[in-house]
Amino acid sequence: MMNLSEYFPITDPTLTFLVVMLIILSAPIIMGKLRIPHIIGMVLAGVLIGKYGLNILERDASFEQFGKVGLYYIMFLASLEMDIEGLRKNIPRMTIFGLLSFLIPFILTYFTSVWFLGYSHEASFLLGSLMASNTLIAYPIIGRYGLQRKPSVTISVGGSMLALLLALICLAALEAAHGTGGGFFFWVWFAAKLVVFVLLLMLIIPRLTRWFLRRYSDAVMQFIFVMSMLFMSAALSEAIGLEGIVGAFLSGLILNRYIPPVSPLMNRIEFIGNAIFIPYFLIGVGMLINLGLLFKGGNILWVVLAMVFFGTVGKALASYLACLLFRLPLSSGHMMFGLTSAHAAGAIAIVMVGMQIETAPGQFLIGDDVLNGVIIMILFTCIISTLITEQAAQQIIIRDKDMASEDDAQNDDERMLIPVKYPEYAPELINLAILMRNPKLNRGLVAINVVYDDTNARKNQEAGTQLLEKIAQQAAASDVRMQTQVRIAANIANGIKHAFKEFRASEILLGLHGAAGGGSPARFWGQFHQSLFNGLNRQIIMARLRQPLSTIRRIQVAVPSRAQFEPGFYRWLERLARLASNLECRIQFHGRSDTLAFVNEYMRNRHPNVRAEYLSMPHWNALPQLAATIAEDHLFVVVTARRGTVSYKTAMDRLPDELIRFFSGTNMMIIFPDQFGDAMDEMTFAQPQHTEELSAYDLLRRWISKYTLKYFRKSHLF
């Protein structure tokens, strides 16, 4: 009879990887049917296949390496996806919560270990530090629900890092007390290394990142560069005596503003981590757990119960007390508790150090019973953490849905049309559209390539098809749907206008080519731009980008007076606010005080986390003076107007000449906002025979627009 045990544990690398892939594939399916977070499934699968279970796989070096990378990935993603502006605003809250999350579990575990378990003060100190720290094991749940930028999540992540740092400092103090390197000099040297480490990362990584992203656009190279920064930071962190996860977290914070949350690069980083490294880490943690020890009696059962109960109660008290102090909803308290209650690799690292500290010849600070108790405790805290976090995430989603206004989604007709022609410029236009679109609407983009109907039409059509296939792949990398079309037309502008109507688009986003960098002002708009904004009364955005959008440090917007009276005022403002939010950059509005008041009110109500500033520009003639304030990594946005509209002024006729003379080397965006009616408004007013086709609402709207315009002209406000 065949003995299957002879074939286990599997040592063949191919079969080992196959088993792991099958677990990663099947765990979400099985756990989904049981309505249990699939993270628990990964850990339980590790218990099942490990040497304390069915002994199918051995926890070899691959699990050590991939598991460590997975832990780095969790911390890296947590900081990379944080809202930096929210982080700045919540630093006092994070500090308070981090101290509470460290001190309360530390005190409870310390006295429990001394009084209840009978451990020494030093061993109790070590266990208190262990339970005061935590691992963001449930963070992948946050990414699945898209809650990375919620205040409760930001506070939890920041508080977790502070608690971990304090735990590592306690561990270093304990090691120093039993070594030869303790004392005042040790702590001065440790603090100096920490300060130099942080300053070194803050000086090197941003400069390297800007230099690299401006010169290399290859997707694979960008991903490898980001991974290099991650592991360099982790290695330097370990070199100064800290855990590598501290460096991984700091590198994510520094790279945060260079990797927009909706970019293809971010999508690749999340995909690789969630598909390979993080599941490997979870499975590896499960393989360490020996549940059989619970049934052998002895002291281990009490160790597990004491650590799980008092450690979890301590984290719960810290979370709900902070929730009460910060006046957050109860669901936010659940989220903070769920994220900070799990212990994993950090706990193992601390307890392993404790087992190496000698208190007497042949005697160590803690023994095998504590190690086994800690490992089993990891399983229970991981289950508690994932269940609470999943439930809290669902509650927050429901809460936000109830608070959100459904009118905005129903009335928003957003559908961007992107005409593309040049292969070297099209990718940046797609990135710009992705950064400005509303992801909650989940509407795709429309990209078209219009070719002349001439003898080269077939050749140009094939080239256009290849270009559209390339940018469609780029959009798919960001999980954005895209419709594409190559159309032949005798006139490029008419072809774009016909496509605009066919696809029922809300606006056009296109490149600013032609003589935009110099030449005659008459040719500034290029071959067909003027025909477009004269022939369409919907929003048209023309962009000229000389560097990757992720390296833009500031957006400067010139707003004309009376722009708030245009029907497209809030549309372009919403697009720029989303762009600034996704780029994590500052945005400055230049204009008259009455117009800026409307901008300020909208930004405060709809985008309070965007860093917006408002600077006076009393007259449109002062536009050239802004050139001195615009650096090479700024984006200059000009909100202009069509002739005959409320915000139009004769000074705008000089716009092409001024842009060529003063802004020739800058990143630029020119916006023509929505206007009332369609492209034939003036003709409609001149020919009453067409008015019977218009609704009463349209007639009233056009009448108001017409006489508002006359009022401003009579008031000499132009």
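Note that these values count all heavy atoms, side chains included, but never hydrogens, waters or copies made by symmetry. Small disclaimer: the values here were computed from a predicted structure and weren't measured.
- Side-chain N or O atoms of Arg93 include none that pairs as donor or acceptor with a backbone N or O of Pro151 at under 3.5 Å.
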Step-by-step side-chain contact (heavy atoms from CB on, under 4.5 Å) determination, Met94 to Thr154: CA-CA 8 Å; Met94 286 190 307; Thr154 301; 4.3 Å; yes
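- Not less than 6.0 angstrom separates the ring centroid of Phe125 from the ring centroid of Tyr110.
- Rounded to the nearest 0.5 angstrom, Met266 CE and Phe223 CZ are separated by 12.0 Å.
- Shown here for Leu236 and Leu200, the closest heavy-atom pair between the two residues is CD1-CD2, 4.4 Å.
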Please lay out, stage by stage, how Met227 and Tyr73 fare under the test side-chain contact (heavy atoms from CB on, under 4.5 Å). CA-CA 10 Å; Met227 292 297 99; Tyr73 236 99; 3.7 Å; yes
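- The shortest non-hydrogen separation linking Val262 to Ser478 is O-OG, 3.3 Å.
- Checked by atom type and distance alone, the side chain of Ser101 never pairs as donor or acceptor with a backbone atom of Gly98 at under 3.5 Å.
- Residues Gly70 and Phe281 come closest through the heavy atom pair CA-CB, 4.0 Å.
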May I have the step-by-step check of side-chain contact (heavy atoms from CB on, under 4.5 Å) for Val480 and Arg437, ending in yes or no? CA-CA 10 Å; Val480 176; Arg437 68 187 284 272; 3.6 Å; yes
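- Pairs of residues two or more places apart, or lying in two chains, that qualify as salt bridge (charged side-chain N to carboxylate O under 4.0 Å, His left out) and include a residue from residues 370-394 are Arg144-Glu390.
- Residues Leu71 and Phe277 have side chains not in contact (no heavy-atom distance under 4.5 Å, counting atoms from C-beta outward).
- For the pair Met75 and Phe249, the tightest heavy-atom approach, listed with the atom from each and the gap, is O-CD1, 3.7 Å.
- Residue Leu44 holds its CG atom at 6.0 Å from CG of Leu379, rounded to the nearest 0.5 Å.
- Annotation for Lys193: atom NZ counts as buried by contact number, over 12 foreign heavy atoms lying within 6.0 Å.
- Distance CG/Leu136 to CE/Met161: 8.5 Å, rounded to 0.5 Å.
- Annotation: side chain of Cys585 is in contact with side chain of Arg257 (closest heavy-atom distance under 4.5 Å).
- Checked for salt-bridge contact, Glu81 and Lys150 miss the test: no charged N lies under 4.0 Å from a carboxylate O.
- Within the 3.5 Å criterion, the main-chain N or O of Ile383 finds a donor-acceptor partner in the side chain of Thr386.
- A 4.5 Å side-chain heavy-atom check between Phe337 and Thr389 finds every atom pair outside the cut-off.
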Applying side-chain contact (heavy atoms from CB on, under 4.5 Å) to Phe231 and Val69, what does each step give before you reach the verdict? CA-CA 9 Å; Phe231 292 111; Val69 173; 3.8 Å; yes
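- Judged purely by atom type and a 3.5 angstrom limit, Ser79 uses its side chain to pair as donor or acceptor with the backbone of Phe76.
- Under the 4.5 Å side-chain criterion, counting only non-hydrogen atoms from C-beta, Met221 is not in contact with Ile224.
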For a side chain to side chain donor-acceptor pair (under 3.5 Å) check, start with the C-alpha distance between Asn134 and Ser160, then their side-chain angles and the critical distance, and finish with the verdict. CA-CA 6 Å; Asn134 64 274; Ser160 296; 3.1 Å; yes
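- To the nearest 0.5 Å, the span separating CD on Gln391 from CD1 on Ile141 amounts to 11.5 Å.
- Counting heavy-atom neighbours within 6.0 Å of Arg207 CZ, excluding the residue itself, gives a total of 12 or less.
- Under the 30°/60° scheme for interplanar angles, the aromatic rings of Tyr216 and Trp211 are found to stand perpendicular.
- Annotation for Ser341 and Thr381: closest pair O-CB, 3.4 Å, computed over non-hydrogen atoms.
- At distances below 3.5 Å, at least one donor-acceptor pair connects side-chain atoms of Asn582 with backbone N or O atoms of Leu435.
- Side-chain N or O atoms of Ser113 include none that pairs as donor or acceptor with a backbone N or O of Ser124 at under 3.5 Å.
- With rounding to the nearest 0.5 Å, the separation of CG in Leu432 from CG in Leu583 is 9.0 Å.
- Contact detail for Ile205 and Ser233: the closest heavy-atom pair is CD1-OG, 3.5 Å.
- Contact of the Arg59 side chain with the Glu64 side chain is registered, since non-hydrogen atoms from C-beta on lie closer than 4.5 Å.
- Of the possible polar contacts, one joining the Lys315 side chain to the Ala132 backbone as a donor-acceptor pair under 3.5 Å is found.
- Using modelled atom types, no side-chain atom of Ser133 and backbone atom of Ala167 make a donor-acceptor pair closer than 3.5 Å.
- At a threshold of 4.0 Å, the pair Glu584-Arg149 counts as salt-bridged, since one of the basic side-chain nitrogens sits closer than that to a carboxylate oxygen.
- In this structure, the side chains of Val20 and Phe63 come closer than 4.5 Å at one or more pairs of heavy atoms.
- The shortest distance between side-chain heavy atoms of Met229 and Leu255 falls below 4.5 Å.
- Summarising the geometry, atom CD1 belonging to Ile74 is positioned 6.0 Å from atom CG belonging to Leu282; distances are rounded to the nearest 0.5 Å.
- Side-chain atoms of Thr340 come within 3.5 Å of backbone atoms of Met336 as a donor-acceptor pair (strictly under, hydrogens ignored).
- Using a 4.5 Å cut-off on side-chain heavy atoms (C-beta onward), Glu428 and Pro548 make contact.
- A donor-acceptor pair under 3.5 Å links the side-chain atoms of Asn256 to the main chain of Met82, judged by distance alone.
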Step by step, work out the side chain to side chain donor-acceptor pair (under 3.5 Å) result for Gln394 and Tyr145. CA-CA 8 Å; Gln394 293 174 357; Tyr145 283 95; 3.2 Å; yes
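- Within the structure, every pair that satisfies the ring pair (Phe, Tyr, Trp, His ring centres under 6.0 Å) test and touches residues 81-104, not counting sequence neighbours, is listed here: Phe102-Phe106.
- Within 6.0 Å of atom CE in Met21, more than 12 heavy atoms from other residues, nucleotides or ligands are found, so the atom counts as buried in its surroundings.
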